[in-house]
Amino acid sequence: MSLNLSEYHSLVQVRPDDIDLFGHVHSAKYLDYFLAARFEQMQRFYGCGMDEFLSKGLGWFLQDFSISYKRPLKLGDVAMVYTNIVELAKNGSIVAFRIVNEKTQKLVATGKGQFALVDIQTSRSIAIPDWVIER
């Protein structure tokens, strides 16, 4: 089902170990920023953090990830990571994101991640429970 849910944002400080040989944030770090923001937003805005999922033997598995880079982030920058759920399926979701440089307000990257809810013991995807959908 397609959704048009609220967009939330989190701030992520660029750290020295995020920087590559070219003096900007390494491309792999943008995935870290997206995931860090998403997990923080699950707790803050939906009231169900990863600790709750883990206590129920559940986890979110990133099945697919795509990103389009617009401009680099550098040391000292703060990334504003905006996310929103754009599709909810029986056993997963697609979350869109955009990253903006807090200081310049310029778009840094856009993308999306496709997640499956999995039973940690079996590593198989499961249907999203009603308590998750309600939040």
Side-chain angles (χ1 to χ4, degrees):
M1 110 180 64
S2 281
L3 301 173
N4 187 11
L5 296 178
S6 297
E7 181 179 63
Y8 300 110
H9 81 277
S10 298
L11 299 177
V12 179
Q13 178 70 48
V14 173
R15 301 175 351 166
D17 58 321
D18 295 345
I19 304 302
D20 65 14
L21 295 174
F22 299 105
H24 51 70
V25 171
H26 188 280
S27 59
K29 289 294 181 177
Y30 291 87
L31 172 59
D32 291 343
Y33 294 174
F34 166 57
L35 292 175
R38 190 67 200 143
F39 293 136
E40 185 260 336
Q41 293 165 10
M42 288 169 55
Q43 178 65 49
R44 187 161 47 118
F45 298 109
Y46 300 120
C48 56
M50 280 304 297
D51 56 338
E52 185 173 357
F53 285 97
L54 294 172
S55 73
K56 297 177 186 297
L58 303 174
W60 288 99
F61 176 76
L62 182 63
Q63 294 177 297
D64 190 36
F65 176 75
S66 64
I67 187 167
S68 177
Y69 301 98
K70 308 298 181 189
R71 58 185 47 86
L73 286 170
K74 297 180 178 178
L75 188 60
D77 287 339
V78 174
M80 295 188 341
V81 184
Y82 294 86
T83 74
N84 66 303
I85 299 171
V86 294
E87 188 174 322
L88 193 60
K90 177 183 171 187
N91 64 345
S93 65
I94 296 176
V95 179
F97 71 92
R98 61 190 174 96
I99 300 174
V100 173
N101 183 315
E102 182 188 40
K103 184 167 90 175
T104 66
Q105 294 297 304
K106 291 189 175 182
L107 184 65
V108 172
T110 61
K112 65 180 179 177
Q114 180 177 344
F115 296 88
L117 185 62
V118 298
D119 178 308
I120 292 173
Q121 287 190 350
T122 66
S123 296
R124 293 185 179 269
S125 66
I126 63 165
I128 298 175
D130 290 338
W131 65 269
V132 176
I133 295 170
E134 290 168 7
R135 294 184 190 182

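Here NZ of K112 is found 15.0 Å from OG1 of T83. Values are rounded to the nearest 0.5 Å. Note: D77 CG to N101 CG = 4.0 Å, rounded to the nearest 0.5 Å. Taking CD from E102 and CG from L73, the interatomic distance works out to 11.0 Å, rounded to the nearest 0.5 Å. In this structure, H9 NE2 and I99 CD1 are separated by 13.0 Å, a value rounded to the nearest 0.5 Å.
Residues V108 and K70 are not in side-chain contact: their nearest non-hydrogen atoms beyond the backbone lie 4.5 Å or more apart. R38 places a side-chain heavy atom less than 4.5 Å from the side chain of I85. Side-chain contact between S125 and Q63 is absent, with no heavy atoms from C-beta onward closer than 4.5 Å. A 4.5 Å side-chain heavy-atom check between N91 and L117 finds every atom pair outside the cut-off. Residues L31 and L62 are in side-chain contact: their nearest non-hydrogen atoms beyond the backbone lie under 4.5 Å apart. When side chains are defined from C-beta on, Y46 does not count as touching E52, because their heavy atoms never get closer than 4.5 Å. L107 has its side chain within reach of R71: a pair of non-hydrogen atoms, C-beta onward, lies under 4.5 Å apart. With a 4.5 Å cut-off on side-chain heavy atoms, S6 and F45 do not count as touching.
Closest approach of P72 and H24 over heavy atoms only: CB-CB, 3.6 Å. Closest approach of S93 to L88, counting heavy atoms only: CB-CD1, 3.9 Å. Closest non-hydrogen pair, E7 versus R98, comes out as OE1-NH2, 2.9 Å. Across all non-hydrogen atoms, the minimal contact from R15 to L75 is C-CD1, 3.7 Å. In plain terms, the two heavy atoms of D119 and I126 that are nearest each other are CB-CG2, 3.9 Å. Nearest heavy-atom pair, S66 versus F97, reported as atom, atom and distance to 0.1 Å: O-CE2, 3.8 Å.
F22 pairs with exactly one of D20, V25, I19 by the side-chain contact (heavy atoms from CB on, under 4.5 Å) rule, that one being D20.
Residue pairs meeting the side chain to side chain donor-acceptor pair (under 3.5 Å) criterion with at least one member in residues 25-35, sequence neighbours excluded: D18-Y33.
Checked by atom type and distance alone, the side chain of Q114 never pairs as donor or acceptor with a backbone atom of F65 at under 3.5 Å.
Cluster membership for V118 and L54, using ILVMFWY side-chain heavy atoms within less than 4.5 angstrom, is not shared. Both F34 and Y69 belong to a common hydrophobic cluster when Ile, Leu, Val, Met, Phe, Trp and Tyr are linked at side-chain heavy-atom distances under 4.5 angstrom. Hydrophobic clustering, with ILVMFWY side chains joined whenever heavy atoms are under 4.5 angstrom apart, groups F115 together with Y8. L35 is not connected to V78 by any chain of hydrophobic side-chain contacts under 4.5 Å among Ile, Leu, Val, Met, Phe, Trp and Tyr, and they are in different clusters. By the rule that hydrophobic residues join a cluster once side-chain heavy atoms approach within less than 4.5 Å of another member, V95 and Y82 end up as members of separate clusters.
Below 30°, between 30° and 60°, or above 60°: for F53 and W60 the angle between ring planes is above 60°, a perpendicular geometry.
Counted within 6.0 Å of CD on Q105, heavy atoms from surrounding residues, nucleotides or ligands total more than 12; the atom is thus considered enclosed.
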